[in-house]
Number of protein chains: 2
Amino acid sequence: MQISELSDRSGLTVQTIKFYIREGLLPRGSAVSATRSEYDRRHLERLRLISALREVGDLPVAAIQQIITAIEDDTVSLHELFGTTQYAIGPHVAAPQDPNWRAAREDVDALVRELGWNVTERAPARDLLAHTFVALRRLGFPITLTDLRPYVRAAREVAEHEIGRVTDGASRARTVHSLLVSTVLYEQVLTALHRLAQEDASARRFGTG
Amino acid sequence: MQISELSDRSGLTVQTIKFYIREGLLPRGSAVSATRSEYDRRHLERLRLISALREVGDLPVAAIQQIITAIEDDTVSLHELFGTTQYAIGPHVAAPQDPNWRAAREDVDALVRELGWNVTERAPARDLLAHTFVALRRLGFPITLTDLRPYVRAAREVAEHEIGRVTDGASRARTVHSLLVSTVLYEQVLTALHRLAQEDASARRFGTG
DNA sequence: TCGCTTGGATACCGGCACTATCCAAAGGGG
DNA sequence: CCCCTTTGGATAGTGCCGGTATCCAAGCGA
């Protein structure tokens, strides 16, 4: 198919597709002549993946580029791809020497150790959690490990479910999509349901009717 | 205190503080002379709140502005403030006439109804969830209500815990902070723990050691 | 033949969250 | 009292990001 058809079917403009090619998110079509290239189903699927990661997952283009690079390297295992995705998602904070921050990060590391979770030292999610600790404490809402218990429980159950859902038998492409979907997209599902459940709880507690 | 001290204590530059005043996130100090204003503890607390919502919650300035406006209006109830926050957080999607989108949104509405949740029709989280449905289906990963069960359970438990934690006896300012913290900041806590739990699950399932 | 599409390159744009500058009018230490 | 710094307030500029727009030469196709 030509780029115009790719555009129609993906819902993205030709310009945007060219942009994604420039940025290395999408491989070039196979050149048929100097002014014609042929695109196939995989290009379309790739574009759908990019759209999902951008529009739903809200990932920056640069992060998607890193993920794509890992996807296209067949020597990258599923777990390594997972790590790449986590790292690309961020946040990327240069650890400040603020003692409060250091203490929070220490608490996070202790928590992970206590839970026995097998998580990289560099996982940005550690920083994200530490960041929330610092902010909570600065606002005068100290956080303790018992406060976290319900969150840990919920996170563990949901994560277990997600990783278990990754289809392992199919093609690598399919499996990889399955993994990304389970992590990036279902994170949004959890967030959305969390907000809805909060609103309901708020209505019951504070609502007037 | 003067603006320079406010700057030191909040960790924000004088420029940024002035910017927040211009944007209506922070009230002006009480003018002492043409070139001197007095700031107090509330200004500092406000700045800490703004920083938390910006840096940890990743809210845009415009969203924080809406929340602040609601905070400062004493006639706004806690539940209304909650709604304002949810709305400010977004996403703000102009519902397209795409039939897939309509169907997804219908599914979300049906789910909310079935759960008996008391949630506004306009809650952006409905759109967020619908958005994920569309993306998942386009990628060939259809989603069913049973898939959602673990998420619903987790979301409900955590939300219940959060709303229950909102301190109701203290001053309005304190209660309001408590509510915002419980929603915006703990959303990040949940996200971070979710990612960590996923990495652990991934390590166990796909890890090499 | 003639208009439309394409590949490829380059330039440009709008939104966002600051950041820099400037000015006149105070402080305030020596 | 002098002079250096700080401040309030306004206006302009910056850097990043994710696209858009434009242009050109080279096909394609009716």
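Numbered from 1 within each chain, the chains take letters A, B, ... in sequence-line order.
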>> Quick check on dT5(C): is either OP1 or OP2 less than 4.0 Å from any side-chain nitrogen or oxygen of Q2(A)?
In response: no

> When the nearest nucleotide of DNA chain D is assigned to T13(A) and to A34(A) on a heavy-atom basis, which residue is associated with the more 5' position?
Replying inline: T13(A)

>> Check the phosphate of dT6(C) against S37(A), side-chain N and O only, distance under 4.0 Å to OP1 or OP2. Yes or no?
In response: no

>> Distance check needed: dG8(D) P versus H43(B) NE2, whole Å only.
In response: 10 Å

> Counting distance only, does the side-chain N/O of R137(A) pair as donor-acceptor with the main-chain N or O of P142(A) below 3.5 Å?
Replying inline: no

> Ion pair present between D40(A) and R46(A), side-chain N to carboxylate O less than 4.0 angstrom?
Replying inline: no

> For the pair made of CZ in F19(A) and C1' in dA21(D), what is the distance, rounded to whole Å?
Replying inline: 14 Å

> Can you list the steps and then say if Y20(A) with Q15(A) is a side-chain contact (heavy atoms from CB on, under 4.5 Å)?
Replying inline: CA-CA 9 Å; Y20(A) 287 157; Q15(A) 298 297 346; over 6 Å; no

> What is the distance, rounded to the nearest whole Å, between atom CG of L6(B) and atom P of dT6(D)?
Replying inline: 16 Å

>> Ring of F141(A), cation from R165(B) - is the NZ or CZ under 6.0 Å from the centre and inside 45° of the axis?
In response: no

>> Tell me whether the side-chain N/O atoms of T35(B) come closer than 4.0 Å to OP1 or OP2 in dG9(D).
In response: no

> Any side-chain N or O of S33(B) less than 4.0 Å from the OP1 or OP2 oxygen of dG8(D)?
Replying inline: no

> Tell me, which of residues 44-71 of chain A have any heavy atom that sits under 4.0 Å from an atom in DNA chain C?
Replying inline: none

>> Please report the distance, rounded to the nearest Å, between NZ in K18(A) and P in dT22(D).
In response: 13 Å

> For the pair made of CD1 in I3(B) and P in dG27(C), what is the distance, rounded to whole Å?
Replying inline: 16 Å

>> Taking 4.0 Å as the cut-off, does a side-chain nitrogen or oxygen of Y20(B) come that near to OP1 or OP2 on dC18(C)?
In response: yes

> Q15(A) CD to dC23(D) C1': how many Å, rounded?
Replying inline: 11 Å

> Mapping V32(B) and T16(B) to their closest nucleotides on DNA chain C, which lands nearer the 5' end?
Replying inline: T16(B)

>> Between S4(B) and dT6(D), is there a contact of a side-chain N or O with OP1 or OP2 at under 4.0 Å?
In response: no

>> Rounded to whole Å, please give me the gap between CD in E23(A) and P in dA9(C).
In response: 13 Å

>> Please determine whether side-chain contact (heavy atoms from CB on, under 4.5 Å) holds for the pair F206(B) and E80(A), giving the CA-CA distance in whole Å, both sets of side-chain angles, and the decisive distance to 0.1 Å.
In response: CA-CA 9 Å; F206(B) 306 118; E80(A) 284 165 342; over 6 Å; no

> Charged N to carboxylate O below 4.0 Å: is that the case for R105(B) and E121(B)?
Replying inline: yes

> Does a side-chain N or O from Y39(A) land closer than 4.0 Å to OP1 or OP2 of dG7(C), or not?
Replying inline: yes

>> Please pick, from dT6(C), dG9(D), dA12(D), the nucleotide with the shortest atom-to-atom distance to any side-chain atom of R22(B).
In response: dA12(D)

>> Quick check: any donor-acceptor pair below 3.5 Å linking the side-chain of R28(B) to the base of dT7(D)?
In response: no

> Is R156(A) paired with E160(A) through a side-chain N to carboxylate O contact shorter than 4.0 Å?
Replying inline: no

> Okay, side chain of T183(B), backbone of L179(B): is any donor-acceptor separation there less than 3.5 Å?
Replying inline: yes

> How close or far is atom P of dG27(C) from atom CD of E38(B), stated in whole angstroms?
Replying inline: 12 Å

